[in-house]
Structure formats: C-alpha cells, structure tokens
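Before any comments, here is the structure.
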Amino acid sequence: MRDFSEKVFTIIRKIPKGKVLTYGQVATLAGVPRASRIVGGLLFQQGLEKRLPWQRVINAQGKLSTYRVGMGTEQKRLLQAEGIRFNRGGVIDLKQYQWWPSAKQMHHWEVSEETAFRISERLGF
DNA sequence: TCAGTGACTCCCC
DNA sequence: CGGGGAGCCACTG
C-alpha cells in the first residue's frame with residue numbers, strides 16, 4: 001500500500017522539465033489505473049514537503065486542478081517558466097506537452113506488460 | 001477496523 | 001464546449 005505512494009513520487013520526479021503527466025496517467029504507471037484522485041491527494045499533502053515537481057501533474061482535460069486549493073496561479077507560473085504555453089481557455093495541449101516514459105523506463109518501474117502495450121500503441125510504436 | 005474524503009475521470013445530456 | 005452526477009480507491013483519523 002505504501003508501495004503505491006512511493007511509485008507515484010518516483011514517477012513524478014522523472015517528469016522532464018517542460019512536460020506534464022495527468023493524474024490518471026501517473027496512477028496507471030504506478031499500477032492502479034483508477035487511483036487518480038489518490039495521486040492528487042498525495043501531491044496536496046506531500047508535494048512541497050518532498051520537493052516534487054508537482055506543477056507537472058495536471059488533469060486529463062489539460063487544465064490545472066490546483067485552483068481549488070489556491071495553488072493555481074503558482075502552478076501556471078511555474079509551468080510557463082518551463083516553456084509550456086496555455087491557450088486562451090487556460091488549457092495545455094496534451095498532444096504537445098504530455099510525456100510518456102520510454103519502454104525501458106517503464107520496465108524499470110515494473111509497469112505491467114498490458115499497460116506498457118497500451119502505451120506503446122498510443123505512441124504509435 | 002471502517003467510514004469519510006477528494007490536486008480525478010468518464011459519461012451523458 | 002460545459003455542467004452535473006456517479007464511480008473510484010489509497011489514505012486517514
């Protein structure tokens with residue numbers, strides 16, 4: 001159970017500067033595809049404390065979920081500083097900025113074969 | 001233990 | 001494209 005959180009933190013630490021992952025994507029890579037809300041909860045509680053690049057995790061719509069907890073402006077500022085652009089709706093183009101780890105990286109994280117396969121398809125391998 | 005919670009997602013108008 | 005609603009599930013007190 002503790003395993004999930006550790007995986008989540010490990011994955012988030014690997015997100016390249018200027019790229020983003022969605023909560024659901026992090027949950028999937030960590031082995032529990034439908035635990036996206038947990039990822040948000042973990043970041044809220046320990047994002048700053050653990051010095052994670054918390055700003056690089058956004059929701060599946062390409063929007064920032066942190067406005068609810070007063071971190072929206074800061075998150076947007078940090079992402080813009082990394083070169084990420086927001087369209088006029090405050091939306092980030094996931095096609096352009098979403099990051100998917102390499103097959104080698106996923107193997108190292110023990111991502112299941114099925115998940116890795118789906119991700120490969122998505123990347124057009 | 002166990003119910004409550006929520007930085008989510010998906011589906012349906 | 002936007003809002004409402006119903007699942008989801010690791011974490012917490």
Side-chain angles (χ1 to χ4, degrees):
Chain A
M1 79 181 204
R2 173 85 190 183
D3 195 41
F4 179 75
S5 332
E6 292 307 319
K7 282 189 177 180
V8 165
F9 297 140
T10 297
I11 290 164
I12 291 175
R13 272 190 261 267
K14 284 289 187 179
I15 307 174
K17 182 178 179 182
K19 290 291 181 178
V20 298
L21 287 191
T22 67
Y23 296 97
Q25 196 182 358
V26 172
T28 298
L29 291 170
V32 189
R34 286 173 288 186
S36 53
R37 304 188 71 166
I38 314 306
V39 174
L42 289 171
L43 281 178
F44 178 57
Q45 299 168 45
Q46 310 183 56
L48 291 177
E49 179 186 339
K50 288 186 174 295
R51 298 181 181 179
L52 301 172
W54 59 274
Q55 74 274 20
R56 297 177 189 151
V57 185
I58 66 178
N59 66 38
Q61 300 167 35
K63 295 181 180 177
L64 308 186
S65 292
T66 56
Y67 284 105
R68 310 178 39 182
V69 292
M71 301 288 282
T73 303
E74 174 67 357
Q75 183 175 16
K76 185 174 184 180
R77 187 185 69 73
L78 289 170
L79 289 176
Q80 287 179 318
E82 296 184 3
I84 291 181
R85 292 188 180 183
F86 290 74
N87 71 18
R88 58 189 166 195
V91 181
I92 291 174
D93 179 13
L94 288 175
K95 285 186 173 60
Q96 180 177 0
Y97 297 108
Q98 183 173 39
W99 177 65
W100 282 105
S102 66
K104 183 178 180 181
Q105 181 66 269
M106 288 192 284
H107 183 264
H108 183 250
W109 288 338
E110 300 178 345
V111 173
S112 76
E113 292 298 324
E114 185 185 352
T115 298
F117 177 70
R118 286 202 300 260
I119 291 176
S120 297
E121 276 193 315
R122 181 166 185 156
L123 287 174
F125 285 174

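A, B, ... follow the sequence lines: proteins, then strands. Residue 1 opens every chain. We use all heavy atoms of the structure for the numbers below, so side chains are in, but hydrogens, waters and symmetry mates are not.
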Between CD on residue A:Gln25 and CD1 on residue A:Ile11, distance to nearest 0.5 Å: 9.5 Å

Return the value, rounded to whole Å, for the distance between atom CZ of A:Phe44 and atom C1' of C:dT12. 14 Å

Starting at the 5' end of DNA chain C, which residue's closest nucleotide do you reach first, A:Gln46 or A:Ala35? A:Ala35

For the pair made of CE in A:Met71 and P in B:dG6, what is the distance, rounded to whole Å? 17 Å

A:Gln25 CD to B:dT9 C1', straight-line distance once rounded to whole Å: 14 Å

B:dG4 C1' sits how many Å from A:Arg37 CZ, rounded? 11 Å

Between atom CD in A:Gln45 and atom P in C:dC9, what is the gap in whole Å? 18 Å

How is A:Val39 classified with respect to the nucleic acid when contacts are heavy atoms under 4.0 Å: base, sugar-phosphate, or nothing? nothing

If two hydrophobic side chains count as joined below 4.5 Å and joins carry through other members, does A:Ile15 share a cluster with A:Ile92? no

Nearest-Å distance for atom pair CZ/P, residues A:Arg34 and B:dC8: 18 Å

Go through C:dC9, B:dT9, C:dG2 for me and flag the one nearest to the A:Lys63 side chain. C:dG2

Within residues 82-96 of chain A, those residues having any heavy atom closer than 4.0 Å to DNA chain B are none

Report yes if at least one side-chain N or O of A:Ser36 is closer than 4.0 Å to OP1 or OP2 of B:dT9; otherwise report no. no

Please say yes or no: joined through hydrophobic side-chain contacts below 4.5 Å, possibly via intermediate residues, are A:Val20 and A:Ile12 part of one cluster? no

Nearest-0.5 Å distance that lies between atom NZ in A:Lys63 and atom CG in A:Leu94: 11.5 Å

I'd like to know if A:Tyr23 and A:Leu78 are part of one continuous hydrophobic network [Ile/Leu/Val/Met/Phe/Trp/Tyr, side-chain heavy atoms within less than 4.5 Å]. yes

Please state how far atom OH in A:Tyr23 lies from atom P in B:dC10, giving the value in whole angstrom units. 14 Å

Side chain to side chain contact (heavy atoms under 4.5 Å, CB included), paired with A:Val26, selected from A:Leu21, A:Leu42, A:Ile38, A:Val32: A:Leu21

In terms of hydrophobic clusters joined by side-chain contacts under 4.5 Å, are A:Leu64 and A:Val69 together? no

A:Asn59 CG to C:dC8 C1', straight-line distance once rounded to whole Å: 16 Å

